[in-house]
Amino acid sequence: MRALTSRDTMFLAVEDGRNSSNVSSLAVMDRVDQSGNPLTRKDLQELIADQLHLMPPLRWRLASVPLGLGHPWWVDGDVR
């Protein structure tokens, strides 16, 4: 279990039914790979799955404290 950073806590505090705080990015990619084959969504999913062990924060999920007696924590979870 990992405690949330102050930035994580701020994002959670800001979001409710009427407000959201989103972070986004854009990736521009060639539609073919290095060998000239079309790049598919499945190819990207496999690439990310193969490298996921190198990116621990992408595996974390938010876990609530029982009875709401504290701030949530990050725990390792399954990626869906």
Side-chain angles (χ1 to χ4, degrees):
M1 292 178 59
R2 294 167 188 82
L4 273 68
T5 65
S6 57
R7 180 176 292 148
D8 295 333
T9 304
M10 184 268 312
F11 277 111
L12 280 177
V14 168
E15 293 199 6
D16 61 19
R18 298 182 320 167
N19 299 308
S20 65
S21 57
N22 296 309
V23 177
S24 60
S25 63
L26 172 68
V28 179
M29 300 179 204
D30 287 334
R31 297 191 327 191
V32 295
D33 64 12
Q34 293 176 347
S35 59
N37 297 322
L39 186 61
T40 65
R41 180 178 180 171
K42 184 178 178 183
D43 294 333
L44 292 175
Q45 289 173 325
E46 289 174 358
L47 176 65
I48 292 169
D50 290 343
Q51 301 298 314
L52 201 55
H53 68 281
L54 300 173
M55 301 173 275
L58 295 181
R59 296 190 315 262
W60 298 346
R61 63 179 178 81
L62 203 56
S64 299
V65 175
L67 303 174
L69 296 175
H71 297 291
W73 288 74
W74 289 123
V75 294
D76 282 330
D78 294 330
V79 177
R80 295 176 198 157

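Computed from a prediction, not measured in an experiment: that's the story for all the values here.
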Residue pair L4 / L62, side-chain heavy-atom distance below 4.5 Å: yes

Shared hydrophobic cluster for M29 and L47 (ILVMFWY, side-chain gaps under 4.5 Å): no

Path from V65 to V75 over hydrophobic side-chain contacts below 4.5 Å: yes

Shortest non-hydrogen contact between H53 and R59, atoms and distance: CA-NH1, 3.4 Å

Nearest-0.5 Å distance, CH2 of residue W73 to CG of residue D8: 12.5 Å

Distance (rounded to the nearest 0.5 Å) between I48 CD1 and E46 CD: 11.0 Å

Atom pair CG/CD of L52 and Q45 - distance to nearest 0.5 Å: 12.0 Å

From M1 atom CE to W74 atom CH2, the distance as rounded to the nearest 0.5 Å: 12.5 Å

Check: D16 side chain, R18 main-chain N or O, donor-acceptor pair, under 3.5 Å: yes

Gap between atom CG of L12 and atom OG1 of T9 - 0.5 Å precision: 6.5 Å

